[in-house]
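Reading through the C-alpha cells given below for one structure.
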Amino acid sequence: MIRPDLHMHTIASDGIYDASQLARLVQRADVTLFSITDHDTLAGLSLAADAAYDRGLAFIPGVEISTEGEDEVHILGYGIRHDDPVLNECFAQAAQDRHDRILNMADELNKLGYPLDKEQLLAQAGASMGRPLLARAMTARSYVQT
C-alpha cells in the first residue's frame, strides 16, 4: 500500500528539518512516497532525492510557488528539475524580495517598540528568509507568546 505525503517543507524554505533529516522522519512514519515542495526554491531537491534513494523511498521533486496580487495563492508543482535555470532565476529574485520584505518588516516592528536586531535576524535566517523568522524572533524576545 502506498502511503504518500506530497507537501513537505525543509529548512530551504520554512521547514525545521533539512532534506536528509526529513527523509529519515518520512521513513520512520512509514510514508512510502514523498515530495519536497519548498516555497519558491529548488534548493533542497537534490539532497532530498539522494536521501530518498539511500533509504529506498519513492520521491517526487516539487515546489510550492507563491503568486503575487490581491490574494496570495500557492501552486504546487511536481516533477520539477532541481537545476531548471528559468525557475532558479525566478526564485533568486523571489528570495531577494523576501529578504527586503523581512528587513522592512523588522524596521516597522522597531518603530512600533518591538526592537529586533536585523544583523541577528540575518544570521539566524540561514536559507529561509520568511515570516516564521520574525515570529521566532518575537517569541524569543517574549513580545508574543506563540
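Because only heavy atoms are used, hydrogens play no part in the values below, and waters and symmetry mates are left out as well, while side chains stay in. Residues take their numbers from the sequence shown, with the count starting at 1.
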> Heavy-atom distance under 4.5 Å between the side chains of Leu6 and Leu33, does that happen here?
Replying inline: yes
> Does Ile2 CD1 have over 12 foreign heavy atoms under 6.0 Å away?
Replying inline: no
> If you look at every heavy atom in Ser20 and Ala51, which pair is closest and at what distance?
Replying inline: CA-CB, 3.9 Å
>> Tell me whether Arg141 contacts the main-chain N or O of Ala137 through its side chain, where contact means a donor paired with an acceptor under 3.5 Å.
In response: yes
>> Test of understanding: clusters of I, L, V, M, F, W, Y form through side-chain heavy atoms closer than 4.5 Å, transitively. Do Leu57 and Leu22 belong to the same one?
In response: yes
> More than 12 non-hydrogen atoms from neighbouring residues, nucleotides or ligands closer than 6.0 Å to CD on Glu89, yes or no?
Replying inline: no
> Linking I/L/V/M/F/W/Y whenever their side-chain heavy atoms sit closer than 4.5 Å, directly or via other members, would Ile80 and Ile60 fall into one cluster?
Replying inline: no
>> What I'd like to find out is whether the side chain of Thr10 reaches to under 4.5 Å of the side chain of Gln21, using heavy atoms alone.
In response: no
> How far apart are the closest heavy atoms of Glu119 and Asp117, and which atoms are they?
Replying inline: N-OD1, 2.9 Å
> Within a radius of less than 6.0 Å around OH of Tyr143, do more than 12 heavy atoms belonging to other residues, nucleotides or ligands occur?
Replying inline: yes
> Between Gly62 and Ser35, what is the shortest heavy-atom contact and its length?
Replying inline: N-OG, 3.7 Å
> Judged by atom type as modelled, is there a donor-acceptor pair below 3.5 Å linking the side chain of Tyr53 to the main-chain atoms of Phe59?
Replying inline: no
>> Checking Asp97 against Gln93 for the side-chain hydrogen bond (donor to acceptor under 3.5 Å, both in side chains) test, could you report, in this order, the C-alpha distance in whole Å, the side-chain angles of both residues, the deciding distance, and whether it holds?
In response: CA-CA 6 Å; Asp97 293 345; Gln93 181 59 52; 2.8 Å; yes
>> Quick check for you: to the nearest 0.5 Å, what is the distance between Leu109 atom CG and Ile102 atom CD1?
In response: 9.5 Å
> Taking a hydrophobic cluster as the set of Ile, Leu, Val, Met, Phe, Trp and Tyr residues connected by side-chain heavy atoms closer than 4.5 Å, whether directly or through intermediates, do Val86 and Val63 fall within one such cluster?
Replying inline: no
>> Are Asn110 and Leu116 packed together at the side-chain level, in the sense that at least one heavy-atom pair is separated by less than 4.5 angstrom?
In response: yes
>> Any non-hydrogen side-chain atom of Leu133 less than 4.5 Å from a side-chain atom of Leu121?
In response: yes
> Side chains of Gln96 and Asp100: donor-acceptor distance under 3.5 Å anywhere?
Replying inline: yes
> Once you round to the nearest 0.5 Å, how far does CZ of Phe34 lie from NE2 of His7?
Replying inline: 14.5 Å
> Among the clusters formed by ILVMFWY side chains lying less than 4.5 Å apart, do Leu76 and Ile36 turn up in the same one?
Replying inline: no
> Can you name the nearest heavy-atom pair linking Pro4 to Val31, along with the distance?
Replying inline: C-CG1, 4.1 Å
> Is there side-chain contact between Asp40 and Ile65, with heavy atoms separated by less than 4.5 Å?
Replying inline: yes
> Parallel, tilted or perpendicular: which fits the ring planes of His74 and His39, with parallel below 30° and perpendicular above 60°?
Replying inline: perpendicular
> So how far is it from Leu42 CG to Arg81 CZ, rounded to the nearest 0.5 Å?
Replying inline: 10.0 Å
> Rounded to the nearest 0.5 Å, what separation is found between the CZ atom of Arg98 and the CE atom of Met105?
Replying inline: 13.0 Å
> Would you find a donor on one side and an acceptor on the other, under 3.5 Å apart, between the side chain of His82 and the backbone of Ala43?
Replying inline: no
> Does the side chain of Thr37 reach to within under 4.5 Å of the side chain of His9, using non-hydrogen atoms?
Replying inline: yes
> Are Met138 and Leu103 connected in a single hydrophobic cluster, I mean Ile/Leu/Val/Met/Phe/Trp/Tyr linked by side-chain heavy atoms less than 4.5 Å apart?
Replying inline: yes
>> Do Val26 and Met8 have side chains that approach each other closer than 4.5 Å (heavy atoms only, starting at C-beta)?
In response: yes
> Heavy-atom distance under 4.5 Å between the side chains of His99 and Leu122, does that happen here?
Replying inline: yes
> So which heavy atom on Asp38 is nearest to which on Ala12, and how close?
Replying inline: OD2-CB, 3.5 Å
